[in-house]
Amino acid sequence: MEDIKQYIEKEKSRMLDELFAILRIPSISAVSAHQKDMYTMAKVLVDKFLTAGADRAEVMETGGHPAVFAEKIIGKDKPTVLVYGHYDVQPVVPLELWETPPFEPVIKKTALHPEGAIFARGANDDKGQMYMHVLAFEYLMKTGTLPCNVKFLIEGEEEAGSSHLDAFVRDHADLLACDVVLVSDTTMAGKEQPSVMTGLRGLSYFEITVKGPSRDLHSGHFGGAVVNPCTALCQMITALHDDKKRITIPHFYDDVVEVSPQERAEMDKLPLDMERYKNNVGVQEVAGEEGYNTRERATIRPALDVNGIWGGYTGEGAKTILPAEAHAKISIRLVPDQDPEKVNRMFVDYFKSLAPAGVTVEVTPTQGAYPYVTPVSGKAYRAAADALTEVYGKPAVPVRGGGSIGVVPMFEKYLGRKTILMGFGLDTDAIHSPNENYSLSQFFRGIEAITLFYKNYCQ
């Protein structure tokens, strides 16, 4: 531990310079104008891996944005760890809400992070967390202490649904063969409360268009006489929940695995400061499915949300029209044992059935991910928990997560291997939002913990 601490202290300025260099690359996977940036980012990572000591590192085509593969094989008799991460980032809109430019990283001291935090798009998700693994690998190589084989798969489409990765993992299963998968793309229970994430929710995502008249109509001439697509869409969305905040899709809950009272009791042992939680997200009250607390609603229960809604005139001033079309984007977070493909079919059929006469509805599923649970036992989990406990000086606890990482179930499907989710983000890091940030202490402690994971797991 002292050796890695000394190494980080000696090299921290250089480490941050390297991280800042990749944070400046606007690798936004969802925006086609950034196609060139995706390849620039991938090539930079190849150089980083080779410099750090990899035997092999290359840009690999996926049918979409490229992936980066790297490896260091020290012996066929040694266990192999596959590290997964992603170099793509979310769009930065609304740009006007950023306090500093999103691709010009800066360090700011805040009340939450008096030691400083990095502010930039991708600072946490996932460039900052991904690059911890590059630096941990570099340290192990420079000190001659790498105890096992390491492979890296860094993709460029996670924020766009990993739509090409299923086929990539299937077709390259031999190349990616390993004993365990290690991922840092999740959050920790608290800055001083280390945790290992043991579950992820799945995802179904839809784009919706509701069409009415053939053109925008004068609301004075036609208002009240023709179905308004915006009104119809709002009424349909409202019908997706009942008065207990449960999703109304028929048979939606048939496949939902109910978490046992014993596991719920264990989850409740981890305190949740509700005032801090509300202040963090800027709300006066919390809400959700009746019969479950806030943590349970955000982790072990499914959720349906409108991610965007628009239609008609939204510019300055007034324009009295009845719009021809209305649009929405809707996501559904899934839990074990829900199948996103089955949920897609159920949602499409049900949502169309809610349409009033006078409009037509188009529903297009665009993304999907299966939910995932990993056991809180076994050598890999213990290696992660013990590493975090040593670095933070406090026992690490298992927690469930509310987000989705589509590739994790793919690794189990095609490689037959479980994934350890050892993330270092915090719920205050504003990922996917303006002013995304990542604590410097979390970044450097993450490097320490990753090096200890290898020693714990591989020796």
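These numbers were taken from a predicted model, which means no experiment stands behind them.
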Would N344 and F206 count as a side chain to side chain contact (heavy atoms under 4.5 Å, CB included) here? Give the steps.
CA-CA 8 Å; N344 287 353; F206 309 90; 3.4 Å; yes
Could I get the full list of salt bridge (Lys or Arg N to Asp or Glu O under 4.0 Å) partners for D386, not counting sequence neighbours?
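So D386 forms a salt bridge (Lys or Arg N to Asp or Glu O under 4.0 Å) with R382.
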Within the 6.0 Å centroid threshold, strictly below: F443 and F424:
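Ring centroids of F443 and F424 are no less than 6.0 Å from each other.
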Any chance you could measure L82, atom CG, to L182, atom CG, to the nearest 0.5 Å?
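The distance works out to 9.0 Å.
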Quick check for you: to the nearest 0.5 Å, what is the distance between K151 atom NZ and I73 atom CD1?
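Nearest 0.5 Å value for the NZ-CD1 distance: 5.5 Å.
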Regarding [X] and [Y], do their side chains bring together a donor and an acceptor under 3.5 Å, going by distance alone?
X	Y	answer
Y392	E192	no
S162	E155	yes
Y414	D166	yes
H327	T209	yes
N437	N124	no
Y454	T145	no
S27	D88	no

E289 and salt bridge (charged side-chain N to carboxylate O under 4.0 Å, His left out): which partner among R297, K245, R246, R333?
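Testing E289 for a salt bridge (charged side-chain N to carboxylate O under 4.0 Å, His left out) against R297, K245, R246, R333 leaves exactly one candidate, R246.
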Between L421 and L200, does a side chain to side chain contact (heavy atoms under 4.5 Å, CB included) hold up when you go through it step by step?
CA-CA 9 Å; L421 300 164; L200 296 165; 3.7 Å; yes
Within 45° of the ring axis of Y292 and under 6.0 Å from its six-membered ring centre, is that where the NZ or CZ of R301 lies?
yes
K329 NZ/CZ over Y205 ring centroid, <6.0 Å and within 45° of normal:
no
Quick one: sort the F49 and F152 rings into parallel, tilted or perpendicular, breaks at 30° and 60°.
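Answer is tilted, since the angle falls between 30° and 60°.
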Under the side chain to side chain contact (heavy atoms under 4.5 Å, CB included) criterion, do E159 and I28 qualify, and how do the steps go?
CA-CA 8 Å; E159 300 292 9; I28 305 172; over 6 Å; no
For the [atom1] atom on [X], are there more than 12 heavy atoms of other groups (residues, nucleotides or ligands in this structure) within a distance under 6.0 Å?
X	atom1	answer
K191	NZ	yes
D174	CG	no
K278	NZ	yes

Side chains of M60 and V68 in contact at under 4.5 Å (non-hydrogen atoms):
no
Residue pairs involving residues 180-189 (criterion side-chain hydrogen bond (donor to acceptor under 3.5 Å, both in side chains); sequence neighbours excluded)
H86-D185, H133-S184
